[in-house]
Amino acid sequence: MDVFEGLNKEQAEAVRTVNGPLLILAGAGSGKTRVLTCRTAYLIKECGVNPFNILAITFTNKAAAEMRSRIDNMVGFGSEGIWVSTFHSMCVRILRRYIDRLGFDNSFSIYDADDQKTVMKEVAKRLEINTKELPERAILASVSHYKDELVSVEEAEREALEDFTLRDTVKAYRLYQETLKKNNALDFDDLLVKTVQLFRSCPEVLDSYRDRFRYIMVDEYQDTNTAQFELVSLLAGKHGNICVVGDDDQSIYKFRGANIRNILDFERVYENACVIRLEQNYRSTQNILDAANAVISNNRGRKEKSLWSDRGRGSGIRLRYCDNAYDEADYVVDSIKRKRSLAGSDFRDFAVLFRTNAQSRILEEKFVMSGIPYTVVGGVNFYARREIKDLLAYLKTIDNARDDVAVKRIINVPRRGIGAVTVNKLEKYALDNSLTFFEALKEADKAGVGKAALKLKAFVELIMGLREELVNGSVADLLDRVLDETGYIEGMDAADDIDLKTRSENIEELINKAAAFDEENEGADTAEDLPGASARSVLSRFLEEVALVADIDNTDDNDNRVLLMTLHSAKGLEFPCVFITGMEEGIFPGFGALQSEDEMELEEERRLCYVGITRAKDELSLSCARARMVRGETHYHAASRFIAEIPEKLFQDGTGQASGRARINRQAAGALPSSGPSLPYYNVKPALMGKPYGTADGQDRQRVRSLKLIPRGSDLKKGPEEIDYAEGDRVSHIKFGTGTVQSIVKGVRDYEVTVDFDTAGVRKMLAGFAKLKKM
DNA sequence: CTTTCTATGCTTTTT
DNA sequence: GCATAGAAAG
């Protein structure tokens with residue numbers, strides 16, 4: 001197969017340019033993944049490069065998986081030698097092998113935002129920092145920025161000599177790092193920092209990776225931070241074959257430390273760099289592209305480019321002005337319904353985008369009412385849910401009891417009568433004797449905790465007993481044992497039945513994921529590609545995999561559902577029909593960006609808008625609401641300036657109505673008779689609109705409040721679980737297979753069912769949780 | 001030690 | 001408006 005087949009001139013050139021630094025400025029939808037895939041194939045097939053020598057770095061696991069499968073299809077045999085991974089998982093892989101050289105144990109655990117906060121809280125307490133003046137999250141933000149910029153504790157301390165206000169922050173930075181080290185843990189930022197540190201301090205390690213990764217490709221380069229830039233530079237430092245792909249107009253992660261200069265200055269840093277622009281868009285209609293171009297052209301300091309398409313004009317952009325967020329949600333739901341019945345679209349053809357996660361709730365409620373299947377991407381990551389984190393903390397403790405955060409999390413979950421007083425005593429004992437928290441537990445009788453010693457002993461024995469279970473090697477089995485022996489399900493203090501059910505479903509989902517992992521890893525060799533690697537337990541690898549998944553990674557393209565997500569999450573995706581909601585000053589662009597002195601913030605919002613618009617293939621719909629609840633208060637916003645930046649002629653006016661912009665004004669004035677002078681809705685400063693006129697639809701709010709928690713991503717089954725089997729019936733279980741029901745006992749919250757499985761033996765489980773099927 | 005009540009603050013955006 | 005954290009009561 002010809003690797004150049006179907007490529008345009010610029011794409012082909014990008015594929016052919018394999019030596020030296022290359023910057024591909026790839027506009028949205030310009031086929032960059034295709035170029036990267038073909039380029040990889042070209043390297044292997046035409047240039048005789050060993051797949052082993054190629055590294056491709058992407059932003060999300062989902063993007064990595066997609067690139068992997070496309071490369072596999074194109075290259076076939078041998079493609080598995082290519083490293084395709086995210087920055088973070090690449091770093092983990094390297095650190096698992098070599099981090100002992102920095103004084104960490106290779107079995108380090110990875111802390112998420114939640115764990116970070118726990119640690120920082122402790123740090124603040126020990127340093128007696130007033131968290132009213134300096135909240136933990138502010139310290140954590142500073143720490144994260146230091147790390148993004150590769151500023152070490154020592155350097156930060158030097159800086160703090162000049163700036164008195166930084167003193168507490170820097171003191172906390174130091175103690176935070178020391179605590180992490182003691183816990184043998186790294187946070188997300190550390191993964192990058194420590195890898196850079198490793199490369200800088202161990203030239204022979206760096207050298208081995210330089211020789212391995214002779215050809216490097218980095219996707220979404222505009223979103224790299226300084227640490228990532230340094231990492232890539234180090235790796236490419238010898239062979240210099242570095243190809244970066246990105247679009248400065250799609251740089252939307254500045255808040256997270258992304259340094260747009262990395263892409264803007266690429267040509268200056270790599271003097272002999274070749275630059276190729278991909279401007280032909282294969283995704284959207286010209287109308288959509290014109291809108292995107294018009295909006296983004298208001299930004300300064302960008303690399304000039306202009307997308308074009310040969311797909312034709314397409315239909316006009318739709319614009320809807322709504323009274324409030326409920327009307328807006330109705331509009332979205334109705335549009336989807338109508339479009340589906342008229343054009344026979346699938347649910348998966350639609351995406352609804354918004355600026356902040358908080359906006360998803362109302363949309364979700366309307367989707368539930370209408371029965372349209374949907375998935376909310378983002379929000380609370382699956383692995384960040386309380387019950388999941390609890391169980392993972394058990395697994396971590398079983399795997400590596402050095403992680404104090406995990407141990408403390410579960411020591412009294414479910415309730416064992418071990419309270420704060422006891423924990424404090426143990427903490428002090430551990431600190432005084434330089435022990436880990438778990439080691440202190442083992443010596444509880446010496447720590448002067450009185451009667452609690454017995455309970456602690458039982459807890460230690462529980463963990464030790466579960467650790468025995470490890471040898472059997474199945475994570476799913478281990479999880480079952482944990483649930484069984486701790487009585488976790490019975491001990492859950494859920495607010496209500498729906499909550500309980502949601503959590504049970506999440507737990508089941510975790511077991512399913514574990515079972516899938518077990519299956520994939522059956523008999524897998526733990527030794528990796530270099531000799532001398534210590535074999536790591538299945539459990540460790542499971543925990544590692546789970547630590548680095550984003551919510552977007554879990555979305556299944558085969559599901560026929562409408563996707564609801566933030567504009568950020570939508571990056572890299574495309575849909576035939578896209579709704580961008582909440583197009584209001586103060587929402588999008590957000591309040592912070594409007595207030596900020598820094599004009600760059602508004603430009604970032606604009607780029608975000610550009611990203612949103614360019615997700616649409618055929619149809620784009622923008623909507624805004626006159627009144628919206630923000631944090632329990634009704635706010636009145638003007639329509640977003642981004643709407644005004646789109647030329648009127650691109651809006652739909654097929655029905656003989658006034659064109660888009662005029663329509664806004666008309667509706668704004670007409671919607672509320674009492675609204676006084678019919679101000680044009682643009683350029684109305686929020687301050688002028690502070691006084692509410694008319695109530696913002698109290699009825700609607702009441703109606704939805706009763707709906708409450710909706711299990712995300714789960715089918716919209718309703719009603720309580722009913723048991724359709726009786727004692728003596730044959731049933732099947734998703735994991736244990738078939739068996740015979742021995743007894744059914746009504747428990748506190750649910751039926752407790754005992755089943756004698758044909759292969760898995762006798763098991764006791766809760767009916768609502770086990771989901772047994774009658775045969 | 002646990003439960004219940006009250007106050008606070010949160011909203012950008014995520015690997 | 002909601003979730004969380006901390007205080008107070010049991």
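All values below come from the heavy atoms of this structure, side chains included, with hydrogens, waters and symmetry mates left out.
Map A:A358 and A:N381 each onto its nearest nucleotide of DNA chain B; the residue landing nearer the 5' end is A:A358. Nearer the 5' end of DNA chain B, as judged by each residue's closest nucleotide, is the contact made by A:G417, out of A:G417 and A:I252.
Nucleic acid contact class of A:E605 (heavy atoms, under 4.0 Å, all strands): base. Within the 4.0 angstrom heavy-atom criterion, only backbone atoms of the sugar-phosphate kind lie near A:V421; the bases stay farther away. Using a 4.0 Å heavy-atom cutoff across all strands shown, A:G419 reaches sugar-phosphate atoms only and no base atom. A:Y253 comes within contact range of the sugar-phosphate backbone alone, with a heavy-atom separation under 4.0 Å but no base atom that close.
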Using side chain to side chain contact (heavy atoms under 4.5 Å, CB included), reason through A:E544 and A:R96 one step at a time and then give a plain yes or no. CA-CA 10 Å; A:E544 172 174 317; A:R96 285 285 179 218; 2.6 Å; yes
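With a 3.5 Å ceiling on both atom-pair distances, the Watson-Crick or G-U wobble partner of C:dG1 is B:dC10. In this structure, B:dT3 forms a base pair with C:dA8, meeting either the Watson-Crick or the G-U wobble geometry with both donor-acceptor distances under 3.5 Å.
Contact check for A:F87 versus A:V218: side-chain heavy atoms found under the 4.5 Å cut-off.
Using a distance-only test at 3.5 Å, with no hydrogens or angles considered, a donor-acceptor pair links the side chain of A:T581 to the main chain of A:L353.
A stacking contact between A:F59 and B:dT15 is absent: the pair does not combine a ring-centre distance of less than 5.5 Å to the base's six-membered ring with planes differing by less than 30°.
Considering only side-chain atoms of A:H568, the nucleotide from B:dT14, B:dT11, B:dT15 that sits closest is B:dT14. Nearest nucleotide to the A:T86 side chain, out of B:dT15, B:dT13, C:dC2: B:dT15. Taking every side-chain heavy atom of A:K121 into account, C:dG6 is the closest of B:dT15, C:dG6, B:dT13. Nearest nucleotide to the A:N412 side chain, out of B:dT13, B:dT2, B:dT11: B:dT2. Of the candidates B:dC1, C:dA5, B:dT13, the closest approach to any side-chain atom of A:T566 belongs to B:dT13. Across B:dT14, B:dT11, B:dT15, the shortest atom-to-atom separation from the side chain of A:F188 is found for B:dT15. Looking at the side chain of A:V630, the nearest of the listed nucleotides B:dT11, B:dT15, B:dT13 is B:dT11.
The distance between atom CD of A:E603 and atom P of B:dT13, rounded to the nearest whole Å, is 22 Å. The distance between atom CD1 of A:I587 and atom C1' of B:dT11, rounded to the nearest whole Å, is 9 Å. Going from atom NZ of A:K147 over to atom C1' of B:dT15 covers 14 Å, rounded to whole Å. Across the protein-nucleic acid pair, A:N61 atom CG and B:dT15 atom P stand 9 Å apart, rounded to whole Å. We find that CZ of A:R607 is positioned 13 Å from C1' of B:dT13, with the value rounded to whole Å. Distance A:R631 CZ to B:dT11 P: 8 Å, rounded to the nearest Å. In this structure, A:L231 atom CG and B:dT15 atom C1' are separated by 14 Å, rounded to whole Å. Summarising the geometry, the separation between CZ on A:F354 and C1' on B:dT11 is reported as 13 Å, rounded to the nearest angstrom.
Taking only side-chain nitrogens and oxygens, A:S569 never comes nearer than 4.0 Å to OP1 or OP2 of B:dT13. Between A:N357 and B:dT14 there is a side-chain N or O to OP1 or OP2 distance below 4.0 Å. Between A:T422 and B:dC1, a side-chain N or O to OP1/OP2 separation shorter than 4.0 Å is present.
In this structure, A:K571 satisfies the cation-pi test against A:F59, with its NZ or CZ atom closer than 6.0 Å to the six-membered ring centre and inside 45 degrees of the ring normal. The cationic atom of A:R256 (NZ for Lys, CZ for Arg) lies less than 6.0 Å from the six-membered ring centre of A:Y253 and within 45° of the ring axis.
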Contact pattern, 5' to 3', of nucleotides 3-9 of chain B - B, S or - by protein heavy atom under 4.0 Å: S------
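In this structure, A:N412 CG and A:K455 NZ are separated by 9.0 Å, a value rounded to the nearest 0.5 Å. Atoms CH2 and CD1, on A:W83 and A:I57 in that order, are 9.5 Å from each other to the nearest 0.5 Å.
Using bins of under 30°, 30° to 60° and over 60° for the plane-to-plane angle, the ring pair A:Y374/A:F367 lands in the tilted bin. Between A:F517 and A:F542, the ring planes lie perpendicular to each other; the angle is over 60°, past the 30° to 60° tilted range.
Nucleotides B:dT11 and C:dG6, compared at atom C1', are 23 Å apart to the nearest Å.
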